[in-house]
Amino acid sequence: MLSEQLVNGRSPRPGDDGLPVLRMTALRAVTVDFTQSKSSDRSDDGRAMLMAEHGDVLVGRVNGSLSLVGEGALVDGPPTPTAIPDTMIRVRVRPDTVDPRYLAHLWKSPVMRRQIEARARQGGAAIWRMNQRELADVLLPLPPVAEQRRIVGLLEDYLTRIDATTIRTGNALDQADVLSRTLTARAGLGALAGTTGAPADLPRVAGASDGTLPHLPAHWRWTRLHDIAEVTRGITAPGKQQKQQWNPADADVSYLRVANVQRGRLDLDDVRTIRLPASRTRAARLRAGDVLLTGSGSRDSLGRGWIWEEQLPHCVPHSHLFRVRITAHQLHPVLLAWHANGLGRQWCEHNATQTVGLASISLGKIRLMPVPVAPVDEQHHLVAVVQAHTTALKAASAAAERALVVAGRLRLNLLERAFTGHLSPSLSPSGQQEFVL
């Protein structure tokens, strides 16, 4: 069934403005994504490059994940001459025996995935590999070409419908997220009523750049974070090289890191522990109503956060997190969190310092963040109204996410049925055969 022997690609030297070479990410879809390529040195070392040609199926032979090794995709008319790297195997079939589109869809099916994962080997550095010999032993359910094309026609019709629904659902999820962020950001500035507010009258301070603050309703006010809250930095975990003397009076406590504090939520699936003296735990322990804000990471992630609601007992924050504890009930914690994830995030990004690969904002500076404050008797009503809307949006988003999971299962089930003879009848009782590459 092969028109030519299986062959590995050849990777030319990296370069600028040379021959495009495919990346492994080009194999994610049914057809090769030629936008996923990198430039090379055309003058390499004189070896003939292996070029991707229409009808080839390219198979990845190395990957750090077992679920991704052996991924395959069809070359469907490359826009420009493009080389196949040595991390891929070229499969070139005889079109009178195998329809290339049939083979491309088959490669995405559980029928092939099970065989590939059973044959893959794990080498050095935990890399999964598949060579030409192992690939050649893979069995292909292969009806006559006319039946292959019939299956492809049915399959692509169904998959097109699934893809269209998935795209619409994904767009709806994105829109719901944007709407929720916009709603909470505007609520935190008193802008939901659409009325014209009064200009900000917050005095400037040295060491911070506020830019132009938005107008607020006349009965609201701007203030600084340190005027309404006690802001502290979390604790530093002892390094691996630090010797910590064992003390039976110390206790293990939960320890929140930057990864646990997302924008508008806390991710508590992976929470570490740290051993601390009781006095240190008491000083750093989180209480219900504390707002956690990130102080280190990528520039656009600074200031993100959410509210601690005693989800875990005896929990302390990492030193890259700020614990904001509102004093005298001056501001509802939810309003502060909404503001921090909106305008506050932009303020932190503008006032951050940058080192190589890492942005941060100091404790002294985060205390200067401008915060809008509504009259106390208005705050709870505002939070209740907005949360009713965001709760409805979350319910709709959860339903959409479940629909995406179902669509993924439907796709796999459809591919399973297509290549086990259950999607369309065979042209003849003897039409179903098995071949090896």
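Not measured: the values here are computed from a predicted model.
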Do L106 and P141 have side chains that get closer than 4.5 Å, going by heavy atoms?
yes
Expected output: side-chain R119 to main-chain L135 donor-acceptor under 3.5 Å
no
Counting C-beta onward and ignoring hydrogens, is there a side-chain heavy-atom pair between P110 and F419 closer than 4.5 Å?
no
Under the 3.5 angstrom rule, does the side chain of N351 hit a backbone N or O of S209 as a donor-acceptor pair?
yes
Could you tell me whether D86 and R10 have a side-chain N and a carboxylate O separated by less than 4.0 Å?
no
Flag, side chain of N260 to backbone of D267, donor-acceptor distance under 3.5 Å
yes
Run the salt bridge (Lys or Arg N to Asp or Glu O under 4.0 Å) test against R323 and tell me which residues pass, sequence neighbours left out.
E230
Taking all heavy atoms of L302 and all of S296, pick out the closest pair and write down the distance.
CD2-N, 3.4 Å
Heavy-atom closest pair (D96 atom, V145 atom, distance to 0.1 Å) is O-CG2, 3.1 Å
Would you mind telling me which of V324, V258, I307, L256 makes a side chain to side chain contact (heavy atoms under 4.5 Å, CB included) with L292?
L256
Spell out, as yes or no, whether a donor-acceptor pair under 3.5 Å connects the side chain of R186 to the backbone of A191.
yes
List the atom of P333, the atom of V291, and the distance in Å for their closest heavy-atom pair.
O-CG2, 3.8 Å
Just checking R272: does its CZ atom have more than 12 heavy atoms from other residues, nucleotides or ligands closer to it than 6.0 angstrom?
no
Would you say I361 and W347 make side-chain contact, with heavy atoms under 4.5 Å?
yes
Go through the structure and list residues passing ring pair (Phe, Tyr, Trp, His ring centres under 6.0 Å) with H318, not counting sequence neighbours.
Y255, H320
Identify whether the distance between the nearest side-chain nitrogen and carboxylate oxygen of R280 and D250 falls below 4.0 Å.
no
Between T294 (side chain) and G303 (backbone), is there a donor-acceptor pair under 3.5 Å?
yes
Does the side chain of L183 come within less than 4.5 Å of V386's, by heavy atoms?
yes
For the residue pair V316 and L276, establish whether any side-chain heavy-atom pair is separated by less than 4.5 Å.
yes
What I'd like to find out is whether the side chain of M1 reaches to under 4.5 Å of the side chain of R94, using heavy atoms alone.
no
For S65 and W128, which heavy atoms make the closest approach, and how far apart are they?
C-CD1, 3.8 Å
With distance as the sole test, does K108 use its side chain to make a donor-acceptor pair with the main-chain N or O of A29 at under 3.5 Å?
yes
Between N131 and R61, is there a side-chain heavy-atom distance shorter than 4.5 Å?
no
Would you say that more than 12 heavy atoms from the other residues, nucleotides or ligands in this model lie under 6.0 Å from the CD of Q5, or not?
no
Test item: R224 side-chain N/O and L368 main-chain N/O as donor-acceptor pair under 3.5 Å:
yes
R114, CZ atom: more than 12 neighbouring heavy atoms under 6.0 Å:
yes
Could you tell me whether the side chains of E156 and H105 share a donor-acceptor contact shorter than 3.5 Å?
yes
Quick one: do E310 and R287 make a salt bridge, cutoff under 4.0 Å?
no
Pair T166, T169: side-chain N/O donor-acceptor within cut-off below 3.5 Å:
no
Any sub-3.5 Å donor-acceptor pair from R345's side-chain atoms to R304's backbone N or O?
no
Check for a donor-acceptor pair, side chain of W107 on one end and backbone N or O of G70 on the other, with a separation under 3.5 Å.
yes
Flag the pair R299 and E349 as a salt bridge only when some basic side-chain nitrogen lies within less than 4.0 angstrom of an acidic carboxylate oxygen.
no
Does I162 reach the side chain of L410, with side-chain heavy atoms less than 4.5 Å apart?
yes
Is a donor on one side and an acceptor on the other found under 3.5 Å between the side chain of Q311 and the backbone of W308?
no
Note: R90-E4 ion pair, threshold 4.0 Å (strictly below):
yes
Quick check: closest heavy atoms across R101 and D76, and the distance to 0.1 Å?
NH1-OD2, 3.4 Å
Check the side chains of N8 and Q132 for a donor-acceptor pair under 3.5 angstrom, ignoring hydrogens and angles.
yes
Walk me through whether V371 and I228 qualify under side-chain contact (heavy atoms from CB on, under 4.5 Å).
CA-CA 9 Å; V371 178; I228 61 163; 3.8 Å; yes
Tell me the closest heavy-atom pair linking Q148 and T97, and the distance in Å.
NE2-O, 2.9 Å
